[in-house]
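The next block holds one structure in the form of C-alpha cells; read it before the comments.
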Number of protein chains: 2
Amino acid sequence: MGLTKAEIFTEKQNKLAQMMKALAHPARIAIIQHLLKAQACICGDLVEELGLAQATISQHLKELKTVGLIQGTIEGTSVCYCIDPKVWKQFRAAFDTFFEPYFNKDTCC
Amino acid sequence: MGLTKAEIFTEKQNKLAQMMKALAHPARIAIIQHLLKAQACICGDLVEELGLAQATISQHLKELKTVGLIQGTIEGTSVCYCIDPKVWKQFRAAFDTFFEPYFNKDTCC
DNA sequence: TTAATTGATTGTAATATTGCGATGAATAAG
DNA sequence: CTTATTCATCGCAATATTACAATCAATTAA
C-alpha cells in the first residue's frame with residue numbers, strides 16, 4: 001500500500017487534505033512566508049534564504065505551483081515567484097470553514 | 001535522505017508544518033469532522049463511518065493524538081475520542097496567524 | 001473460568017516524500 | 001559563437017507514510 005484511498009472520501013475532504021499537505025513542510029512554509037514579506041522573489045533568493053540545494057527548492061516550488069498557491073513568470077534567465085491572491089483566499093476560506101463548526105465545550109469524554 | 005532538515009528552520013515553521021501534516025490526510029480530516037459533529041465517539045464508530053480497516057483508523061487516531069488534537073478515554077472495552085478544545089484553538093490561532101499577513105494586491109510578478 | 005468484544009501494536013508490502021548531484025534548456029553577456 | 005547564469009528535470013538513496021492482516025492486552029458477558 002502506501003497509497004491513500006481517496007475514493008472513499010468526499011471531494012472536499014480530499015481537497016482540504018491536499019491543501020494541508022502542500023503546507024505540511026517547513027521549507028514550503030518558509031517559502032510562503034518569504035513571499036508574503038518580499039511580495040515576489042526569484043528562485044535564487046530562496047536558495048540563499050533557506051539552506052537547501054537549488055534542486056530541492058525547485059521541487060518545493062513545483063509542489064506549491066501544482067496546488068496553485070504560487071505562480072512563476074520567467075524573466076530572462078530567472079523566474080519570479082509570487083503568491084496567487086485568488087488561491088490564497090480559497091485556502092484561507094477552506095481552512096476557516098474547517099475550523100469554524102466548533103461549538104465551545106470544555107468538557108469532553 | 002527522505003528526512004526533513006528540521007534544524008534549518010525555525011521552531012514555529014516546524015510546528016506549523018507539523019500541524020498541517022496532522023491534517024494532511026482525508027481520513028484524518030474525516031475523523032475530525034465526525035468528532036465535530038458527534039462531539040465524541042468510540043473508535044468502532046469511525047471504523048464503520050469511514051471505510052478503512054480498524055488498524056488503519058487506530059493509526060490515524062494515534063497521529064492525531066500525538067499532536068494533541070484529540071484525546072481518548074478508556075470506557076470499559078472501548079475508547080471514547082474527542083477533540084481537545086485547547087489544542088484546537090491553538091491550531092486555529094496558528095493557522096490564522098499564518099494566513100493573516102497578506103496585504104491584498106491583485107497584481108503579481 | 002471461558003468466550004467475546006474492543007482497540008492497540010507489530011510486521012509487512014507498496015507507494016510517497018525529501019534531498020541532492022548531475023544534467024539539460026533557455027537566456028544573457030562577452 | 002562561446003561562456004556564464006538561472007532554473008527545471010532526472011535519477012538515485014534514504015526515510016516516511018499508508019493500509020492491512022495477525023496478534024496481543026484488557027475488559028465484559030456468559
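A, B, ... follow the sequence lines: proteins, then strands. Residue 1 opens every chain.
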Checklist entry - Using a cut-off of less than 4.0 Å, is there contact between a side-chain N or O of A:Lys21 and OP1 or OP2 of C:dA16? => result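 Result: no.
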Does [Y] offer a backbone N or O that forms a donor-acceptor pair with the side chain of [X] under 3.5 Å?
X       : Y       : value
A:Thr56 : A:Leu52 : no
A:Arg28 : A:Lys21 : yes
B:Thr97 : B:Ala93 : yes

Return the nearest nucleotide to the side chain of [X]; candidates are [options].
X       : options                : result
B:His60 : D:dA19, D:dC7, C:dC20  : D:dA19
A:Leu3  : C:dT15, D:dT15, D:dA8  : C:dT15
A:Leu52 : C:dT18, C:dC20, D:dA19 : C:dC20
A:Lys62 : D:dC7, D:dT9, C:dG19   : D:dT9
A:Ile42 : D:dC7, D:dT18, C:dT9   : D:dC7

Checklist entry - Looking only at heavy atoms, which two atoms of A:Ala24 and B:Ala24 are closest? And how far apart? => result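 Heavy atoms of A:Ala24 and B:Ala24 come nearest at CB-CB, 4.4 Å.
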Item to check | Heavy-atom pair of closest approach, residues A:Arg92 and B:Glu100 | outcome: NH1-CA, 3.7 Å
Tell me: [atom1] of [X] to [atom2] of [N], nearest whole Å?
X       : N      : atom1 : atom2 : value
A:Leu46 : D:dA8  : CG    : P     : 10 Å
B:Ile29 : D:dT18 : CD1   : P     : 12 Å
B:Ile57 : C:dT9  : CD1   : P     : 15 Å
B:Ile8  : C:dC20 : CD1   : P     : 7 Å
B:His25 : D:dA19 : NE2   : C1'   : 9 Å
B:Leu61 : C:dG7  : CG    : P     : 10 Å
A:Leu50 : C:dG19 : CG    : P     : 10 Å
B:Glu48 : C:dT5  : CD    : C1'   : 13 Å

Checklist entry - Taking for each residue the nucleotide of DNA chain D bearing the nearest heavy atom, is the 5' side occupied by B:Thr4 or by A:Cys43? => result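 Taking each residue's closest nucleotide, the earlier one in sequence belongs to A:Cys43.
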Checklist entry - Contact class for A:Ser58 (heavy atom, under 4.0 Å): base, sugar-phosphate, or nothing? => result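 Here A:Ser58 touches the bases of the nucleic acid.
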Checklist entry - Contact class for A:Thr56 (heavy atom, under 4.0 Å): base, sugar-phosphate, or nothing? => result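 Contact class for A:Thr56: base.
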Item to check | Parallel, tilted or perpendicular, as decided by the 30° and 60° cut-offs, for the rings of A:Phe91 and B:Phe99 | outcome: tilted
Next on the checklist: Below 30° counts as parallel, above 60° as perpendicular, anything between as tilted: where do the rings of B:Phe9 and A:His25 land?
Outcome noted: perpendicular
Checklist entry - Centres of the B:Phe98 and A:Trp88 rings: under 6.0 Å? => result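 They qualify: ring centres under 6.0 Å apart.
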Checklist outcome for this item: The residue, B:Val47 or A:Ala27, whose nearest nucleotide of DNA chain C is more 5′ is B:Val47
Checklist entry - What one-letter contact string describes nucleotides 21-30 of chain D from 5' to 3', where B marks a base within less than 4.0 Å of any protein heavy atom, S marks contact via sugar-phosphate atoms alone, and - marks no contact? => result B-----SS--
